[in-house]
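Since the structure comes first, as structure tokens, the remarks are kept for the end.
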Amino acid sequence: MKFARFKVKDSSIYKGVMIEDKVKEIKGNIFGDWEYTGKEFSVDEVKLLAPLEPNQIIGIGANYVTKIADIPSVLPEIPVFFFKPVSSVIGPEEEIVIPEGIDQVKFESELAVVIGKEAKNVSESEILDYVFGYTVGNDVTAPQFFHQDGHWTIGKSFDTFTPLGPVIETELDPFTVKVEARLNDIEKQNSETELMIIPIRKMLSYLTKVMTLKPGDVILTGSPVGAELVGVGDVINCEIKEIGSLRNTFIAAKVEAKTR
């Protein structure tokens, strides 16, 4: 089932389920009780938004290899995780703003996990029972703002730096999909999720040993090899075919005129 958030002609925001070329409006809590309202729209007449307003966003760093033989036999005792602010979230076809003072940022196409039930101290064997579904994420990064001691927060946190969408797919096997990215229609990333260093079950279970994951939390599971710096006017299309395409254009920040 594909859950979406969208706008139509007015400014109101709706929730719905996408079925082929239609979006059927729903009301209620997608993580709990919801029902159809009876209204439906053509996909062509709606503007898709980020499919949820996350409770929190957690990413994992450097989590892919180029081939299975390169996966280390001993995994990191403490994986590298980081937070991204919910204010950085945008949806499909929205513009990614390159911060003032730099010319380029980095795209990172990722499979994003959406938590559906409160999870604390959950085993790897049971953790997927706490997953609501999956969407496509783009962990946009400005490495120029990384701290020399390794702190990533500023470089990950600018407004527009976390595109999500186009839908949350609840019927997905995350172990059989490919994470792809096309920059200006040229393929840059295309990797199976089996190339993750820290597998999905392990990373989610680990996080529940540290913190309580709650419905609406989004975990970005890492970006395949091939991400690169891009500039103004570039168009990035992050895709997982079973979920859909997340397309965004990079623009320059508007510089406010200085007054004397």
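Side chains are part of it too, since the values below use all heavy atoms of this structure and drop only hydrogens, waters and symmetry mates. Counting from 1, the numbers follow the sequence of the chain as shown.
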Query raised in the report: Are F31 and L49 connected in a single hydrophobic cluster, I mean Ile/Leu/Val/Met/Phe/Trp/Tyr linked by side-chain heavy atoms less than 4.5 Å apart?
Result: no

Requested in this report: Please say whether more than 12 non-hydrogen atoms of neighbouring residues, nucleotides or ligands are located less than 6.0 Å from NZ in K7.
Outcome: no

Just list the side-chain donor-acceptor pairs under 3.5 Å for residues 191-205, sequence neighbours left out, or say none.
unit_1: T193; atom_1: OG1; unit_2: P174; atom_2: O; d: 2.6
unit_1: K202; atom_1: NZ; unit_2: E124; atom_2: OE2; d: 3.1
unit_1: S205; atom_1: OG; unit_2: V122; atom_2: O; d: 2.6
unit_1: S205; atom_1: OG; unit_2: K209; atom_2: NZ; d: 2.9

Query raised in the report: Between K188 and F107, does a side-chain contact (heavy atoms from CB on, under 4.5 Å) hold up when you go through it step by step?
Result: CA-CA 10 Å; K188 296 295 181 178; F107 69 84; 3.8 Å; yes

Requested in this report: Evaluate the side-chain proximity of D159 to S87: yes if any heavy-atom separation is below 4.5 Å, no if none is.
Outcome: yes

Report summary line: d(E25 CD, E40 CD) to nearest 0.5 Å is 11.0 Å

Query raised in the report: Just by modelled atom types, is the V140 backbone N or O under 3.5 Å from a matching donor or acceptor in the K84 side chain?
Result: yes

Query raised in the report: Any donor-acceptor pair under 3.5 Å linking the side chain of T141 with the backbone of P143?
Result: no

Query raised in the report: Once you round to the nearest 0.5 Å, how far does CZ of F82 lie from CD1 of I58?
Result: 10.5 Å

Query raised in the report: What are the two closest non-hydrogen atoms of S88 and F158, and how far apart are they?
Result: CB-O, 3.4 Å

Query - Within-4.5 Å side-chain heavy-atom neighbours: E169 and M18 - result: no

Query raised in the report: Is any side-chain N of the basic residue among D217 and K214 closer than 4.0 Å to the acidic one's carboxylate O?
Result: no

Requested in this report: Could you tell me whether the side chain of T221 and the main chain of L111 form a donor-acceptor pair under 3.5 Å?
Outcome: yes

Query raised in the report: Can you check whether D139's main-chain N or O pairs, donor with acceptor, with E110's side chain at less than 3.5 Å?
Result: no

Report task. With side-chain contact (heavy atoms from CB on, under 4.5 Å) as the test, would you mind laying out the steps for V114 and F3 before giving the verdict? Result -> CA-CA 12 Å; V114 180; F3 287 89; over 6 Å; no

**Report entry** More than 12 heavy atoms from other groups under 6.0 Å of CZ on R247
**Finding:** no

Query raised in the report: Hey, are the side chains of V230 and I236 touching, using non-hydrogen atoms and a 4.5 Å cut-off?
Result: no

Query raised in the report: Distance from K24 atom NZ to K39 atom NZ, nearest 0.5 Å?
Result: 15.5 Å

Query raised in the report: If you count the non-hydrogen atoms of other residues, nucleotides and ligands that lie under 6.0 Å from CD in E45, is the total more than 12?
Result: yes

Query raised in the report: Would you call E180-K241 a salt bridge at under 4.0 Å N-O?
Result: yes

Query raised in the report: Counting distance only, does the side-chain N/O of E126 pair as donor-acceptor with the main-chain N or O of S123 below 3.5 Å?
Result: no

Requested in this report: Would you indicate whether D103, at its atom CG, is surrounded by more than 12 heavy atoms from other residues, nucleotides or ligands within a distance under 6.0 Å?
Outcome: no

**Report entry** Which atom of L48 lies closest to which atom of A4, heavy atoms considered
**Finding:** CD2-CB, 4.1 Å

Report task. Is it possible for you to say whether V23 and M1 belong to one hydrophobic cluster, with membership spreading through side-chain heavy-atom contacts below 4.5 Å? Result -> no

Query raised in the report: Is there a side-chain contact between V89 and V218, using heavy atoms and a 4.5 Å cut-off?
Result: no

Query raised in the report: In Å and rounded to the nearest 0.5 Å, what is the CG to CZ distance from L183 to F250?
Result: 7.5 Å

Query raised in the report: Are L246 and V113 linked, directly or through other ILVMFWY residues, by side chains that come within less than 4.5 angstrom of each other?
Result: yes

Query raised in the report: Under 4.5 Å between any side-chain heavy atoms of E35 and K27, yes or no?
Result: yes

**Report entry** Taking every non-hydrogen atom, the tightest pair across E242 and K2
**Finding:** O-NZ, 3.6 Å

Query - Validation row: I98, Q104 side chains within 4.5 angstrom (heavy atoms) - result: no

Report task. Give a yes or no on whether L213 and F83 share a hydrophobic cluster (residues Ile, Leu, Val, Met, Phe, Trp, Tyr; joining criterion: side-chain heavy atoms under 4.5 Å apart). Result -> yes

Query raised in the report: For the side chain to side chain contact (heavy atoms under 4.5 Å, CB included) test, which of N138, I57, I60 pairs with L220?
Result: I57

**Report entry** Heavy-atom closest pair, residues T170 and F132
**Finding:** CG2-O, 3.3 Å

Query raised in the report: So, R5 side chain and A50 main chain: donor-acceptor pair closer than 3.5 Å or not?
Result: yes

Query raised in the report: Considering residues, nucleotides and ligands other than I154, do more than 12 of their heavy atoms fall under 6.0 Å from its CD1?
Result: no

Requested in this report: Drop me the distance from I96's CD1 to D234's CG, to the nearest 0.5 angstrom.
Outcome: 10.0 Å

Query raised in the report: Is it true that atom CG of D33 has more than 12 heavy atoms of other residues, nucleotides or ligands lying nearer than 6.0 Å?
Result: no

Report summary line: Rounding to 0.5 Å, atoms CG (D21) and CG (D44) come to a distance of 7.5 Å

Query raised in the report: Just by distance, do the side chain of Q189 and the backbone of P224 share a donor-acceptor pair under 3.5 Å?
Result: yes

**Report entry** Main-chain N/O of V235 paired with T249 side-chain donor or acceptor, under 3.5 Å
**Finding:** no

Query raised in the report: Do the side chains of N63 and P79 get nearer than 4.5 Å, heavy atoms only?
Result: no

Query raised in the report: Linking I/L/V/M/F/W/Y whenever any side-chain heavy atoms sit under 4.5 Å apart, do I243 and V179 land together?
Result: yes

Query - Heavy-atom pair with the smallest gap, counting every atom of E100 and A253 - result: N-CB, 3.8 Å

Requested in this report: Using atom types as modelled and distance alone, determine if a side-chain donor or acceptor of T135 lies under 3.5 Å from a backbone N or O of L164.
Outcome: no

Query raised in the report: Is the count of non-hydrogen atoms from other residues, nucleotides or ligands lying under 6.0 Å from K120 atom NZ greater than 12?
Result: yes

Query raised in the report: Y130 versus T208: any side-chain heavy-atom pair under 4.5 Å?
Result: no

**Report entry** side-chain contact (heavy atoms from CB on, under 4.5 Å) evaluation trace for V46 with Y14
**Finding:** CA-CA 10 Å; V46 306; Y14 301 87; over 6 Å; no

Query raised in the report: Taking all non-hydrogen atoms of both residues, which atom of V136 and which atom of E239 are closest, and how far apart?
Result: CG1-N, 4.2 Å

Requested in this report: Quick one: do T160 and E95 satisfy side-chain contact (heavy atoms from CB on, under 4.5 Å)? Show the steps, please.
Outcome: CA-CA 7 Å; T160 74; E95 294 171 328; over 6 Å; no

Requested in this report: Name the orientation class of the two ring planes belonging to F41 and F6 (parallel below 30°, tilted from 30 to 60°, perpendicular beyond 60°).
Outcome: perpendicular

